[in-house]
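Report on the structure given below.
Order of the sequence lines fixes the chain letters, A, B, ..., with proteins taken first and strands second; residue numbering starts at 1 for each chain. Note that the coordinates shown come from a computational prediction; the quantities given were computed from them, not determined experimentally.
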2 protein chains.
Amino acid sequence: MQNRQGSGSEESAAIFKTLAHPIRIAILDLLRHGEECVCHIEAILGKRQAYISQQLAILRAAQIIIDRRDGMNIFYRVIRPEIYALLDAARALSPLPTATPPPMIRLESCPCPKCTPEVAVTD
Amino acid sequence: MQNRQGSGSEESAAIFKTLAHPIRIAILDLLRHGEECVCHIEAILGKRQAYISQQLAILRAAQIIIDRRDGMNIFYRVIRPEIYALLDAARALSPLPTATPPPMIRLESCPCPKCTPEVAVTD
DNA sequence: CTAATATATTCCAATTGTTGCATATCGTCA
DNA sequence: TGACGATATGCAACAATTGGAATATATTAG
């Protein structure tokens with residue numbers, strides 16, 4: 001491990017990947033109210049059963065939801081409410097370009113002017 | 001448009017997709033301080049230049065960062081600080097299974113007991 | 001103009017995701 | 001037990017993405 005790249009970038013990326021799908025997001029939104037059975041989700045989203053089941057499997061594998069059997073139906077519910085913070089934050093992303101203040105870093109393995117201030121631009 | 005699936009699920013999915021990559025997350029983390037030139041990013045992350053450039057292009061296309069030329073170097077900076085809320089929220093996602101309260105929805109296009117309470121379980 | 005440096009873009013092969021179809025599994029009802 | 005309803009899973013064809021290599025562009029120096 002010679003080049004670390006922030007902490008938990010991999011895990012974060014995995015989470016984003018799981019959420020990077022409109023149907024999965026829609027399913028999670030449906031589950032905001034609480035438990036829902038598969039047929040419900042199927043009916044509301046208007047997608048084929050097998051497809052919904054697949055997406056549920058992905059969310060289940062990601063440990064974001066879990067299933068509970070009740071007679072003939074299977075109900076799903078979210079076990080990580082924190083994901084809603086993510087969904088909400090994503091929706092909050094509007095086309096509002098903002099500015100950010102300038103940097104302040106120096107690195108010897110980098111040849112840019114900011115990293116070699118001594119032999120910087122025209123003396 | 002016969003089956004809506006929440007609001008902005010597509011857009012949100014696109015955002016998550018853009019963030020669903022460890023290198024891109026690492027780059028954004030680097031840019032938390034402010035502007036950084038490509039060679040900096042390259043040196044810090046220890047990846048090939050072309051590769052970094054590709055990831056920057058993706059973030060740029062997503063309108064999350066913009067570039068500014070200064071002589072021979074090109075500096076990038078984040079123009080949507082809100083994405084940090086997303087990154088932080090993702091990192092906050094720990095393996096802590098929580099419980100969620102039961103549902104409360106009824107739908108006529110669904111055959112499950114909760115949707116057909118009248119002809120529900122054994123009368 | 002030519003060379004050198006910094007960064008971007010294009011091309012490609014390998015991997016991965018998508019989606020329809022068929023089928024398996026499990027519980028229920030008669 | 002057998003048929004049926006609700007879900008899950010396996011598979012195949014096709015679309016999209018990924019990361020590497022080579023190459024192109026732009027700026028500065030001489």
Next on the checklist: Please confirm whether the shortest side-chain N or O distance from A/Ser53 to OP1 or OP2 of D/dT7 is below 4.0 Å.
Outcome noted: no

Checklist entry - Is any side-chain heavy atom of A/Val78 closer than 4.5 Å to a side-chain heavy atom of A/Tyr84? => result yes

Next on the checklist: With a cut-off of less than 4.0 Å, is there a side-chain N or O of B/Arg60 near OP1 or OP2 of C/dT9?
Outcome noted: yes

Checklist entry - Just how far, in rounded Å, is C1' of C/dA4 from CG of B/Asn73? => result 14 Å

Next on the checklist: Using whole Å, what does the distance between atom P of nucleotide D/dG19 and atom CD of B/Gln55 come to?
Outcome noted: 6 Å

Checklist entry - So, is A/Arg24 near the phosphate of C/dT18, with a side-chain N or O under 4.0 Å from OP1 or OP2? => result yes

Item to check | Among D/dT9, C/dA8, C/dT7, the one nearest A/Ala50 by side-chain distance | outcome: D/dT9

Checklist entry - So A/Leu56 and A/Ile41, side-chain contact (heavy atoms from CB on, under 4.5 Å) or not? Walk me through it. => result CA-CA 10 Å; A/Leu56 285 172; A/Ile41 301 173; 4.1 Å; yes

Checklist entry - Is the shortest side-chain N/O distance from A/Arg48 to OP1 or OP2 of C/dG20 below 4.0 Å? => result yes

Checklist entry - Between A/Gln49 and A/Lys17, which is nearer to the 5' end of DNA chain C once each is assigned its nearest nucleotide? => result A/Lys17

Next on the checklist: Distance check needed: C/dA3 C1' versus B/Met72 CE, whole Å only.
Outcome noted: 12 Å

Next on the checklist: Tell me the interatomic distance from B/Phe16, atom CZ, to C/dG17, atom C1', rounded to whole angstroms.
Outcome noted: 18 Å

Checklist entry - Where do A/Arg24 and A/Leu19 land on the side-chain contact (heavy atoms from CB on, under 4.5 Å) test, with the steps shown first? => result CA-CA 6 Å; A/Arg24 269 171 248 151; A/Leu19 299 181; over 6 Å; no

Item to check | Separation of C/dA8 P from B/Phe75 CZ (nearest whole Å) | outcome: 12 Å

Item to check | hbond_proxy A/Gln54 side chain to D/dA8 base (donor-acceptor, 3.5 Å cutoff) | outcome: no

Item to check | Heavy-atom donor-acceptor pair, B/Arg32 side chain to B/Gly34 backbone, under 3.5 Å | outcome: no

Item to check | Nucleotide C/dG20, atom P - distance to CD1 of A/Ile52 in whole Å | outcome: 12 Å

Checklist entry - To the nearest Å, how far apart are B/Arg68 CZ and C/dA8 P? => result 13 Å

Checklist entry - Taking OP1 and OP2 of D/dT17, is either one under 4.0 Å from a side-chain nitrogen or oxygen of B/His21? => result no

Checklist entry - Rounded to the nearest Å, what distance is computed from the CG atom of residue A/Asp67 to the C1' atom of nucleotide C/dC26? => result 13 Å

Checklist entry - Does B/Tyr76 make a side-chain N or O approach to OP1 or OP2 of C/dA6 shorter than 4.0 Å? => result no

Item to check | For the student: nearest non-hydrogen atoms of B/Arg91 and A/Ser9, plus distance | outcome: NH2-OG, 3.8 Å

